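By convention in this document, chain letters (A, B, ...) are assigned in the order of the sequence lines, proteins followed by strands, and residues within each chain are numbered from 1. Since this is a predicted model, take the numbers as computed values, not measurements.
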Amino acid sequence: MPKITLNGNELEVPAGINLIEAARLGGVEVPYYCYHPALSVVAQCRMCLVDVKGAHKLSPACQTRVADGMVVETQNPKVKTAQKAVLEFYFLNHPVDCPICDQAGECKLQDYYMKYDKGEHRSFDHRLEKPKRQLFGPQVVYDAERCILCTRCVRYTKEITKTHELVMHQRGEHNEIGLFPGVELDNPYSMNVVDLCPVGALTSRDFRFKVRVWMLKSAPSVCSGCATGCNVVLQHHDNKVQRVLPRENPEINRYWLCDEGRLRYHPVNEERLLKPRVEGSEVSWQDAVSKAAETIASRRGDLGLVISAQGTNEDAHVAAKAAELLGVKRIYIGGRPAGESDDFLRHADKNPNRKGVLSSSPSAASVDALLADLKAAKLGGLLVIGHDLDGKETEIAAALGGIPVVGLVERESDWTMKARVLLPIATWAEVDGHFTNHEGKVQPIQASIRANGESEPTWRALSRLVQKLGHKLSYRSLRELQAEMRGDKQPAPAFPA
Amino acid sequence: MARSESLTLDPKVPHAFHLEVEDDPFEDSMSGGGRTAPEDAPDLDSKPMVLNMGPSHPAMHGVVRMVLTLDGETIKKVEPEIGYMHRCFEKQAENATWTQVFPYTDRLNYASAFMNNVAYAGAVEKLLQIEIPERAKYLRVLISEISRVSDHLTCVGAGAMELGAFTVFLYMIQARELFYQLAEEICGARLTVSYVRIGGLKADLPVGFEENLETALKQTEKLLTDCKKLILRNRIYIDRCKNVGGLSQAEALSFGYTGPCLRATGVDYDIRKSHPYLVYDRLDFEVVVGSRGDSLDRYLVRLEEIYESIKIIRQVMKQMPKGPVLLDDPGVALPPKELVYNTIEGMMRHFKLIMEGIKVPKGEAYYYTEGANGELGFYIVSDGGGGPYKCRPRSPGFAIVSSIPRVLRGAQIADIIPIYGSLNYIAGEVER
């Protein structure tokens, strides 16, 4: 492995990496704007200039590969002067937008100014004005005055999504990023440019002016949009999820998220069933559970159980046990109907945990089978977990006839008015648990906000109901449930404490 | 330099007062000690009584509870209980930026708020390794001495009131009022000033301050002349304070006393002279030292220190150079508003300094000053972030409170008043 001298210290680094990564391994920060490990290197921003002994000019660290015996200095006076000069040029025409810019608090211009510049403004001319607040697409807003022309977004649409919507217009100081004539930035992965943009030039329409970033708390989780299981960070404030950011995972989603998955946090906050309902009127949990037990016991015929492909592995385990205890012979699995897929991140199955749920209940049949069984009057009662039924909610509602139905749902749906009792359950953003993606990878999710209203995690709501029906199914905590699940095997993956 | 000779009382006043009464059964004893029953008194079956004093008590300065075990009027044992004023200063400081801690420091020794600000700022500047401008140093000395005077006036005045000399109290509060008005002129607040900033001060002195200051000083000197006569020619005051609650030098040192309580025992230790900070090494003043270490000496040391502080204030106003009062370091000081609204650099600097705080390099520092009650120091630990990792004030009152069981033992209940008042225990700084 090549050995380099970084700021006077010897460092052994893997061959082929650039000096930014080498410095990172040595615990030294080299500032940069345009470099990104997933994009091509262009050395456009000139922020990462470092002093490599022997070169007659400062070298951009993103473009310089390590070589054995290289001597690099990242903070000598020459480099410091260059950093100050580069930043000063950026600030000459930068608008004084911090109070209204979404990026404030996570802006690389602000951070690098205080770390590497702290200089004064020296311009004599009128500040250049460029178009602001341009709508590039349904999700992305562009502000040309704030743009530092690093071209990360242009390279992204060229190399990652390969949709080529963004180009560089004009020349010199009049440079702007713009749309290729006739197109909109509306590809299914458009919002990643907002993450990529180091300044507030590209901002998310969904997040615009919502909340200041320093007020957000973060929780790691897994997207519930489809079976790919992209790793995310849920950022929340005031007990509402405010935005979703990608978590780096080189095996699943690298640095990216699809727009649909990113916006899947909205249902968490909106139109939730907050209190238990018996025949439309709100009651206490205790009353609702009693009534639900009565409803199920009052059926004349077989009990059917519908489980949800959106539930966690823990929910599925409890559902399987409940089915056993209640003597259920007909289990069905529901969820969101299939949707678009591509060869990048999106999977056709728009449920995060079908594989995990099926591993607890392999005999679960489809919603079509449920519809058929209902029409053939094979079921005397139905216990439904989850409001999504593969898009066939109205047909199911029609086919239910008068059989007693109990629903454990997070919101109302086209069939829920047919349920005698509705118990509110918590969404994926409000519970700890695990999702298994389509490849079989088990990933932990962490609760970000407290369960809205009186909703409970599915496993707890279901076990309460089964207990009321006279069987033994209770867990004092999720940990107890997880211990039972693994028996004597290794514990499931978890976030470090 | 010691000045114990100036503390001898007016020789015309007798030091002892004998009550010539025939067949006085208590003729042996008078002030400062227990009364013993005559030998032929009947042997009564007696037990010590436990009496609770405080935490809410008109004579308890601040809130402290004292559980007294009494034998008649004599205190056999005292168990002080503190904690009623604990407001989690140290924990709060951990959740604030460096600049946001200043209002919390005001409320430590609330009788002399400026000095807390100065000590805290000194500690942070020590870690930052920055030097504040000359004018700022002089001004910090000025405000420290102004608040020292306020504190001493409060202590002696309140002490006198509790012993019955109400006029003294009112005169001293009138003098203190002048200093509070000066504080209000300087920074807008009388008590909770938050005038100091990392790197200097919030703003310069207002126009016309010098004249107002001189008027206040002259007025104070006049009031103090009257007050001194009212106390030192007062039989009751002397009898209640002299030889009451005294400690020896060795005891005082072993308890960890600093400040007027230590100097009253005769130890010549003042941090402004022994370890000069700011510009005290350029100023000419004397250290006031007592001899007996009793309540009277403690009060008189404070009274004389007011005169020394006035001397310092006058020198500072003469010597102070013109110049900035805040260091022009972009990592420490907020930019002027024209820059904030019109340049992106000013905007970003303002934003980062307020939202994230001044970035102080990792390390720890302890900076100590002569507070009104003794060594007031701040120990801070920085983890490189925008706020303290730990900020611990070393309060002079803590050592004093720890000695209360010793100082009050053997005294009578009535002696608690002068002893407690002269020790000047400020609950705010002891309990934080």
Tell me if the [atom1] atom of [X] is crowded by more than 12 foreign heavy atoms within 6.0 Å.
| X | atom1 | answer |
| --- | --- | --- |
| R212(A) | CZ | yes |
| M168(A) | CE | yes |
| R122(A) | CZ | no |

Nearest atoms (heavy-atom pairs only) where [X] meets [Y]:
| X | Y | result |
| --- | --- | --- |
| V96(A) | T343(B) | CG2-C, 3.8 Å |
| M114(A) | R349(B) | SD-CA, 3.9 Å |
| C98(A) | M348(B) | SG-CG, 4.0 Å |
| E345(B) | H121(A) | OE1-ND1, 2.8 Å |
| I344(B) | D97(A) | CD1-N, 4.5 Å |
| A104(A) | F351(B) | CB-CZ, 3.6 Å |

Pairwise side-chain contact, K352(B) with Y113(A), heavy-atom cut-off 4.5 Å (strictly under)
no

Of the backbone (N, CA, C, O) and the side chain (C-beta and beyond), which part of L92(A) lies under 4.5 Å from a heavy atom of chain B, both, or neither?
neither

K118(A) and D329(B) ion-paired at < 4.0 Å
no

For the interface with chain A, which of G331(B), P335(B), G346(B) has the highest count of heavy-atom pairs at distances below 4.5 Å?
G331(B)

